[in-house]
Amino acid sequence: MSEHIHSQRDGGLLTLRMQRPDKKNALTRAMYAAMADRLDEAERDSSVRVVLLTGGEDCFTSGNDVADFIQAPPTGLNSEVFQFMRALFDFSKPVIAAVAGPAVGIGTTLLLHCDLVYVSRDAQLKMPFVNLGLCPEYGSSLILPRLLGHVRAAELLLLGQAFTGEQAAAWGIANQALDDGAATLARAREMAQRFLDLAPSAIVDSKRLMRAPGREELRKVIEEEGALFGQRLRSPEAIEALTAFMQRRKPDFSKFA
Ligand code: COA
């Protein structure tokens, strides 16, 4: 259990909300574990028909808790973050994301595994893995170049360039950019209601068909990325970058040339 993950049921809609505002909803091991548990329960519970993932009206998430990365890095495929991403990857019912404010690291990566994504126009999305001495995760090294072409994906993944909600919608990472966090959440809820009005098994069958092509290839890439990410977390480059974040200074990679 984590007090930083709030779950709410409204009929067939389960809303999971990341709520750790003092750390910009940075995700701890306990938060991943709680989200994995809620998703696994929702998978088994036929009365849950759609899941909405959000961080509220101001902030989606600043990504993995950096202190956790230093003190308790994920160790393999059974770690809490993998349990959460596996539960999301295998979730058979629709998942909608409502994104406002920062969506950093896994906060952007996880959107690639949702079915509908709504963003506030000025949301700040970013995958600064290389900037932290790390590498892409959970299939983004496969999905993004296919979706965006290599050169644009390289700006996002190799340079860690930030982009707005408006750009995310223009590039097909999100369905629509809305004026602010409140409008984004309202739109996501409206679309959840549309799912609730449709035939549940037909949605599940259709999602499975849409996700099936290339799924095993994607699973392999996720494992390969995960193994490399784990190694990179212990690398001197990553330790320098993560320590620099905690010390509020720029990392110095000059000694690794
Ligand atoms: N892990 C741990 N703590 C984090 C965090 C993270 N991922 N992101 C933010 N925080 C903490 C800050 O250290 C700060 O804590 P403090 O008040 O105790 O000093 C607090 O949250 C507020 O963050 P701050 O950076 O001051 O807010 P901001 O509005 O200026 O910037 C972000 C917000 C999200 C843009 C910025 O915090 C950021 O870039 N974080 C991302 C960290 C990251 O690289 N995550 C990816 C990991 S792969």
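As the structure lists them, so they are numbered: ligands from 1, and atoms in each ligand from 1. In this chain, numbering begins with 1 at the start of the sequence shown.
Every atom of ligand 1 is numbered from 1 in the order shown, and the set under 4.0 Å from a heavy atom of A26 is 1 (N), 2 (C), 5 (C), 6 (C), 7 (N). In the vicinity of K24, heavy-atom distances shorter than 4.0 Å reach the ligand 1 atoms 22 (C), 23 (O), 27 (O), 29 (O). For ligand 1, the atoms closer than 4.0 angstrom to any heavy atom of D22 are 20 (C), 21 (O).
The closest protein non-hydrogen atom to atom 38 (C) of ligand 1 is F245 CE1, 4.1 Å. Scanning all protein heavy atoms for the shortest distance to atom 44 (O) of ligand 1 gives L132 CD1, 3.6 Å. Among protein heavy atoms, atom 5 (C) of ligand 1 sits closest to S62 OG, 3.4 Å. Shortest contact from atom 39 (O) of ligand 1 to any protein heavy atom: K126 NZ, 4.1 Å.
Between the side chains of R9 and S47, at least one donor-acceptor pair of N or O atoms lies under 3.5 Å. Side-chain contact of Q8 with T15: a donor-acceptor pair under 3.5 Å is absent, judged by distance alone. For the residue pair Q124/T164, the side-chain donor-acceptor check at 3.5 Å is not satisfied. The closest side-chain donor-acceptor pair between Q19 and H6 falls under 3.5 angstrom.
Relative to atom 18 (O) of ligand 1, the option among E137, K23, Q124 with the closest non-hydrogen atom is K23.
Residue contacts with ligand 1, taken as heavy atom pairs separated by less than 4.0 Å, involve V104 solely via side-chain atoms from C-beta onward.
Ring geometry for W171 against F163 counts as tilted: the plane angle lies between 30° and 60°, on a 0 to 90° scale.
Note: T28 OG1 to I5 CD1 = 7.5 Å, rounded to the nearest 0.5 Å.
There is no protein heavy atom closer than 4.0 angstrom to atom 30 (O) of ligand 1. There is a protein heavy atom closer than 4.0 angstrom to atom 34 (C) of ligand 1. For atom 27 (O) of ligand 1, a protein non-hydrogen atom is found at a distance below 4.0 Å.
Within the structure, ligand 1 has R248 among the residues with a heavy atom less than 4.0 angstrom away.
Results of the side-chain contact (heavy atoms from CB on, under 4.5 Å) test with V50 over L14, I96, D115 single out I96 as the only residue that passes. Residue R86 forms a side-chain contact (heavy atoms from CB on, under 4.5 Å) with just one option from D40, N78, I222, and that option is N78.
Inclusion of V66 in the set of residues having an N or O under 3.5 Å from an N or O of ligand 1 is warranted.
For the pair R215 and F89, the cation-pi test (distance below 6.0 Å, angle within 45°) is passed.
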